[in-house]
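In what follows, a structure is listed as structure tokens, so that the remarks can point back to it.
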Amino acid sequence: MIRGQYFEEFTVGQKLETVGRTITETDVVNFAALSGDYNRIHTDAAFAATTPFGQRIAHGMCVSAIASGLVVRTNIMEGTVLAFREINEWKFSKPVFFGDTIHVDAHVIDVKALPRVGGGAVTIKLEVINQKDEVCQTGRWTVLMLSKPK
């Protein structure tokens with residue numbers, strides 16, 4: 001079922017805020033198993049207590065993946081996304097700790113028709129924000145979106 005927006009329905013300046021999601025120890029353990037990244041800052045509480053963070057932190061890429069899922073949950077791309085094309089200027093500004101709740105603020109910053117792919121490129125600026133209103137990650141995605149059927 002098509003629930004997402006077609007390329008022609010995206011407009012520069014369009015804004016979207018996702019629901020929140022709490023980052024759990026299970027998320028981090030599962031991501032470590034999936035990625036093979038068992039860095040002690042993520043998986044060893046005693047070691048992490050000796051670091052400047054004072055506790056374990058979630059993998060940056062784990063948080064990015066969860067942020068992607070939060071955007072997808074809005075259904076803006078459901079059935080209309082062709083491909084995830086680029087991640088640009090991604091910055092990890094603040095750590096995300098176990099128990100933090102994040103959400104994503106997304107803003108469409110560019111749209112470019114690509115008739116040869118049957119749609120266009122939509123560039124979205126994202127901010128991953130924690131429960132303290134601190135920006136933890138920022139960057140831009142470019143996604144290829146389908147055109148409206150004629």
Side-chain angles (χ1 to χ4, degrees), residues 1-112 119-146:
M1 179 166 64
I2 303 295
R3 292 185 290 189
Q5 288 185 216
Y6 290 101
F7 168 73
E8 293 80 8
E9 297 171 313
F10 284 89
T11 58
V12 172
Q14 180 179 349
K15 295 181 180 183
L16 174 73
E17 182 177 334
T18 72
V19 297
R21 176 151 171 340
T22 302
I23 306 302
T24 68
E25 182 172 15
T26 302
D27 294 326
V28 174
V29 169
N30 286 336
F31 188 83
L34 177 68
S35 67
D37 180 353
Y38 288 96
N39 188 303
R40 294 170 63 196
I41 193 72
H42 311 301
T43 60
D44 182 334
F47 170 79
T50 69
T51 70
F53 301 116
Q55 60 183 306
R56 290 175 292 169
I57 60 173
H59 303 76
M61 294 306 295
C62 176
V63 173
S64 297
I66 290 170
S68 175
L70 289 172
V71 173
V72 169
R73 282 183 59 192
T74 68
N75 292 326
I76 198 166
M77 299 178 196
E78 185 67 33
T80 55
V81 67
L82 286 167
F84 198 163
R85 187 174 191 189
E86 296 176 17
I87 299 174
N88 290 298
E89 300 173 9
W90 204 261
K91 183 175 180 181
F92 303 90
S93 306
K94 292 209 177 268
V96 174
F97 299 104
F98 297 17
D100 281 357
T101 299
I102 62 166
H103 74 274
V104 180
D105 284 348
H107 304 92
V108 176
I109 59 171
D110 190 41
V111 293
K112 179 182 177 185
V122 177
T123 303
I124 304 168
K125 180 182 178 210
L126 295 107
E127 294 182 321
V128 179
I129 301 169
N130 68 15
Q131 73 280 358
K132 297 177 187 173
D133 238 9
E134 299 170 325
V135 176
C136 299
Q137 296 182 10
T138 57
R140 292 184 296 126
W141 289 351
T142 301
V143 291
L144 298 180
M145 303 299 299
L146 282 171

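The structure presented is a predicted model; accordingly, all values stated were derived computationally and were not measured. Positions are given from 1, in the same order as the sequence printed here.
Listed for the E25 side chain is no donor-acceptor partner under 3.5 Å among the backbone atoms of F98. With H42 contributing its side chain and A32 its backbone, the two residues share no donor-acceptor pair below 3.5 Å. Using a distance-only test at 3.5 Å, with no hydrogens or angles considered, no donor-acceptor pair links the side chain of T101 to the main chain of Q131. Without hydrogens or angle criteria, T18 side chain to V104 main chain gives a donor-acceptor distance under 3.5 Å. Between the side chain of T80 and the main chain of Q5, a donor-acceptor pair closer than 3.5 Å is present.
Taking the side chain as every heavy atom from C-beta outward, V19 and R21 never approach each other to under 4.5 Å. Residues T24 and D27 have side chains in contact (heavy-atom distance under 4.5 Å, counting atoms from C-beta outward). Here the side chains of V111 and T11 are not in contact, with every heavy-atom distance at 4.5 Å or above. Here the side chains of T43 and V29 are not in contact, with every heavy-atom distance at 4.5 Å or above. Side-chain contact between I76 and F10: present, with at least one pair of heavy atoms (C-beta onward) separated by less than 4.5 Å.
Going from atom CG of L144 over to atom NZ of K112 covers 10.5 Å, rounded to the nearest 0.5 Å. Atom-to-atom distance recorded for L34:CG and C62:SG is 9.5 Å, nearest 0.5 angstrom. Between N39 atom CG and R56 atom CZ the span is 13.0 Å, to the nearest 0.5 Å. Note that OG1 of T138 and CG of D105 are 12.0 Å apart. Values are rounded to the nearest 0.5 Å. To the nearest 0.5 Å, atoms OG1 (T74) and CG (L16) are separated by 4.5 Å. Here L70 contributes atom CG and E17 contributes atom CD; the two are 11.0 Å apart, rounded to the nearest 0.5 Å.
In terms of heavy-atom proximity, G79 sits nearest to L146 at O-CD1, 3.7 Å. For the pair A48 and I41, the tightest heavy-atom approach, listed with the atom from each and the gap, is CB-O, 3.9 Å. Here the closest heavy-atom approach between residue S64 and residue F92 is recorded as OG-CE2, 3.8 Å. When every heavy atom of F84 is checked against every heavy atom of S68, the shortest pair comes out as CE1-OG, 4.5 Å. Across M77 and I124, no two heavy atoms sit closer than the pair CE-CD1, 4.1 Å. Heavy-atom minimum distance, I66 versus I102: CG2-CD1, 4.1 Å.
A salt bridge does not link E89 with K125: every distance from a Lys NZ or Arg NE/NH1/NH2 to an Asp or Glu carboxylate oxygen is 4.0 Å or more. Contact check on R140 versus D110 returns no salt bridge, with no Lys/Arg side-chain nitrogen under 4.0 Å from an Asp/Glu carboxylate oxygen.
Note on ring orientation: taking the six-membered ring where Trp is involved, the planes of F53 and F97 are perpendicular (angle over 60°, cut-offs 30° and 60°).
Listed by chain and residue number, D44 satisfy the salt bridge (Lys or Arg N to Asp or Glu O under 4.0 Å) test with R40 (two or more places apart in sequence, or in another chain).
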Q.
As a quick check of understanding, evaluate side-chain contact (heavy atoms from CB on, under 4.5 Å) for Q137 and V63, giving each step before the final call.
A. CA-CA 9 Å; Q137 296 182 10; V63 173; 3.4 Å; yes
